[in-house]
Amino acid sequence: MDKTRREFIGKTLSASALTMLAGSSAGKVFAAERSGNAAARKKSAAAAYVAGKAERKLNIVSLHELEAEARKVIPKGAFGYIAGGSGDEWTLKENTRSFDDRQILPRYLAGVTQPDLQTALLGSKVATPVFVPPMAAHGLAHEGAEKATARGAGEAGALFCAQTLANTPLEEIAKAGSGPKWFQLYYANDAGINRELIQRAKAAGATAIVFTVDLEWPGNREADQRNGFVFPATLPFPNLPTAKPGVGLGELTQVFKRNLDFSDIEFIRRESDLPVVVKGILTPENANECIAHGANAIQVSNHGGRQLDGVPAAFAALPGIVEAVGGRVPVYLDGGVRRGIHVFKALALGASGIAMGRPVLYGLSLGGWQGVKSVFDTINAELQLAMKLAGCARIEDISRRFVT
């Protein structure tokens with residue numbers, strides 16, 4: 001076959017493959033990364049990224065207001081990545097709205113004065129049931145990145161979950177915060193990478209491994225496509241050396257295993273000898289399957305509305321999963337939490353701990369570690385007030401009887 005014909009066939013096959021790929025959600029992501037603004041994306045990735053530098057305590061009236069303030073200081077593309085969801089963002093919005101579907105039933109004359117927020121998360125004592133979930137690239141929000149977030153959480157007595165796609169090495173995150181830490185694993189194609197990450201996390205003091213199962217493929221994140229967002233080349237991912245900065249989410253996640261299965265839970269249990277929290281579960285059946293294969297906890301989550309749009313809000317899925325689990329393992333929740341009463345309602349429906357994501361990154365962008373602590377101070381004060389008014393002296397007092 002002559003050279004000209006080989007080139008023609010190669011181009012034809014490539015075009016055909018791209019056409020087939022384009023119909024999928026992942027295809028849209030890949031297509032965006034190959035689109036006509038590729039030169040602008042490359043220039044954006046190569047430029048030195050300027051994140052926030054503020055270090056200050058925040059005067060917060062409502063966590064709802066932080067998003068608008070953070071928008072002013074986080075570069076447009078990065079803000080879209082942090083704040084945006086997938087598709088029409090129905091699930092993103094529903095995560096917060098769904099808390100309105102349940103009402104609190106207060107018990108007056110309970111003699112409550114100063115409620116105690118202390119509890120335990122998989123055996124780790126914490127000052128609050130609210131904790132920081134895994135979120136990629138804190139360096140997009142503030143130059144202190146994960147070290148600042150971990151410090152702020154530690155100062156608040158809260159648990160911090162370090163993540164695979166951090167801009168800071170695990171070892172440095174561990175030293176930065178005084179509170180307990182978990183480590184979140186994005187499961188790589190290479191078992192050796194997974195094994196190394198798990199061992200590093202253990203050596204750094206992680207007390208549990210959070211296995212995120214809902215990012216086998218990147219969601220249809222249209223804000224990223226509109227903004228031509230790529231992770232800045234100046235913000236590396238040191239915990240995953242094969243991950244390339246300066247690319248979009250579609251290319252970045254190609255190192256992850258696309259066909260996760262229950263044997264992966266067993267691998268993590270075997271390699272870590274630590275409790276495994278399976279994050280991203282939305283149905284009772286899936287929760288039971290995970291427990292049968294060794295999960296020590298379930299985290300009800302839809303990835304903050306960033307993956308499959310149209311799935312239930314995490315809070316809406318919580319009661320059925322709690323009932324199915326039946327107390328065999330703890331159940332945690334993340335998604336849409338903005339108020340102390342949100343935390344109260346989730347605890348009343350059986351959650352053992354509640355993760356709060358975007359408000360933490362907004363606080364980080366506006367005030368560094370002090371901003372993170374301010375976010376926790378705000379939600380904890382709201383939770384304490386809710387407990388006072390509802391008649392609950394301790395976290396363990398909050399039960400199903402308090403919501404309808």
Side-chain angles (χ1 to χ4, degrees), residues 21 24-30 32-33 80-87 89 91-92 95 132-138 140 146 161-167 182-191 193-194 197-198 201 209-225 229-231 237 239-240 242-245 247-265 267-268 276-283 286-287 289-290 295 298-312 314 317 332-336 355 357-358 361:
L21 179 62
S24 67
S25 174
K28 290 183 181 180
V29 176
F30 291 127
E33 290 170 11
Y81 171 77
I82 293 169
S86 65
E89 298 189 338
T91 296
L92 169 66
N95 272 344
V132 180
M135 298 176 286
H138 293 204
L140 294 174
E146 288 80 13
C161 186
Q163 75 280 27
T164 299
L165 293 179
N167 297 133
W182 294 346
F183 171 67
Q184 175 264 349
L185 178 70
Y186 277 133
Y187 205 89
N189 287 312
D190 186 336
I193 292 176
N194 298 322
L197 280 170
I198 289 168
I209 305 295
V210 177
F211 177 28
T212 298
V213 298
D214 58 358
L215 191 72
E216 292 175 301
W217 300 89
N220 178 25
R221 305 184 188 185
E222 294 179 358
D224 291 353
Q225 297 175 40
F229 174 73
V230 294
F231 292 97
F237 298 106
N239 300 318
L240 192 61
T242 55
K244 300 177 182 178
V247 299
L249 188 66
E251 185 174 346
L252 179 68
T253 58
Q254 288 186 66
V255 300
F256 299 155
K257 184 179 177 182
R258 300 298 198 192
N259 57 339
L260 297 172
D261 57 51
F262 294 108
S263 68
D264 299 326
I265 300 175
F267 174 90
I268 297 169
V276 177
V277 182
V278 180
K279 177 181 180 293
I281 301 303
L282 290 171
T283 68
N286 218 180
E289 290 172 319
C290 291
I298 299 295
Q299 188 160 333
V300 182
S301 172
N302 52 42
H303 217 96
R306 297 157 67 82
Q307 281 299 99
L308 179 59
D309 195 27
V311 301
Y332 305 115
L333 172 85
D334 76 71
R358 289 179 176 93
L361 290 184

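The basis for the numbers below is simple: all heavy atoms, side chains too, and nothing from hydrogens, waters or symmetry mates.
Phe229 has its side chain within reach of Leu140: a pair of non-hydrogen atoms, C-beta onward, lies under 4.5 Å apart. In this structure, Pro134 and Lys279 have side chains that are in contact, with non-hydrogen atoms separated by less than 4.5 Å. In this structure, the side chains of Gln225 and Asn220 come closer than 4.5 Å at one or more pairs of heavy atoms. Between Asn167 and Phe237, the closest side-chain pair of non-hydrogen atoms falls below 4.5 Å. Residues Thr91 and Ser86 fail the side-chain proximity criterion, which asks for heavy atoms closer than 4.5 Å. Side-chain contact between Val213 and Phe211 is present, with at least one heavy-atom pair separated by less than 4.5 Å. A heavy-atom distance below 4.5 Å is not found between the side chains of Thr212 and Gln163.
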Q | Derivation of the side-chain contact (heavy atoms from CB on, under 4.5 Å) call for Met135 and Asp334 | A | CA-CA 12 Å; Met135 298 176 286; Asp334 76 71; over 6 Å; no
Q: Apply the test side-chain contact (heavy atoms from CB on, under 4.5 Å) to residues Phe183 and Leu197: give CA-CA distance (whole Å), side-chain angles for both, the deciding distance (0.1 Å), then the verdict.
A: CA-CA 9 Å; Phe183 171 67; Leu197 280 170; 4.2 Å; yes
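In this structure, the side chain of Gln307 engages the main chain of Asp214 through a donor-acceptor pair within 3.5 Å. Judged purely by atom type and a 3.5 angstrom limit, Arg221 has no side-chain atom pairing as donor or acceptor with the backbone of Leu249. A distance-only check finds no donor-acceptor pair linking the side chain of Asn194 to the backbone of Tyr187 [under 3.5 Å]. No donor-acceptor distance shorter than 3.5 angstrom exists from the side chain of Gln184 to the backbone of Val210, with no hydrogens or angles considered. Side-chain atoms of Gln299 do not come within 3.5 Å of backbone N or O of Val277 as any donor-acceptor pair. With hydrogens and angles disregarded, no donor-acceptor distance shorter than 3.5 Å links the side chain of Thr253 to the backbone of Phe256.
A donor-acceptor contact under 3.5 angstrom links the side chains of Asn95 and Asn302, judged on distance only.
Counting all heavy atoms, side chain and backbone alike, Leu260 lies closest to Glu216 at N-OE2, 2.7 Å. Of all the heavy atoms in Phe267 and Ala191, the pair that sits closest is CZ-O, 3.9 Å. Minimum interatomic distance between Leu92 and Gly85 (heavy atoms only, all atoms of both residues): CD2-N, 3.8 Å. Between Ile82 and Arg306 the shortest heavy-atom distance is O-NH1, 3.2 Å. Here the closest heavy-atom approach between residue Ile265 and residue Ala295 is recorded as CG2-N, 3.9 Å. Between Ala287 and Ile298, the closest heavy-atom pair is O-CD1, 4.0 Å.
Between Leu361 atom CG and Tyr81 atom OH the span is 9.5 Å, to the nearest 0.5 Å.
With sequence neighbours left out, Val255 forms a side chain to side chain contact (heavy atoms under 4.5 Å, CB included) with Leu240, Thr242. With sequence neighbours left out, the side chain to side chain donor-acceptor pair (under 3.5 Å) criterion links Asn259 to no other residue.
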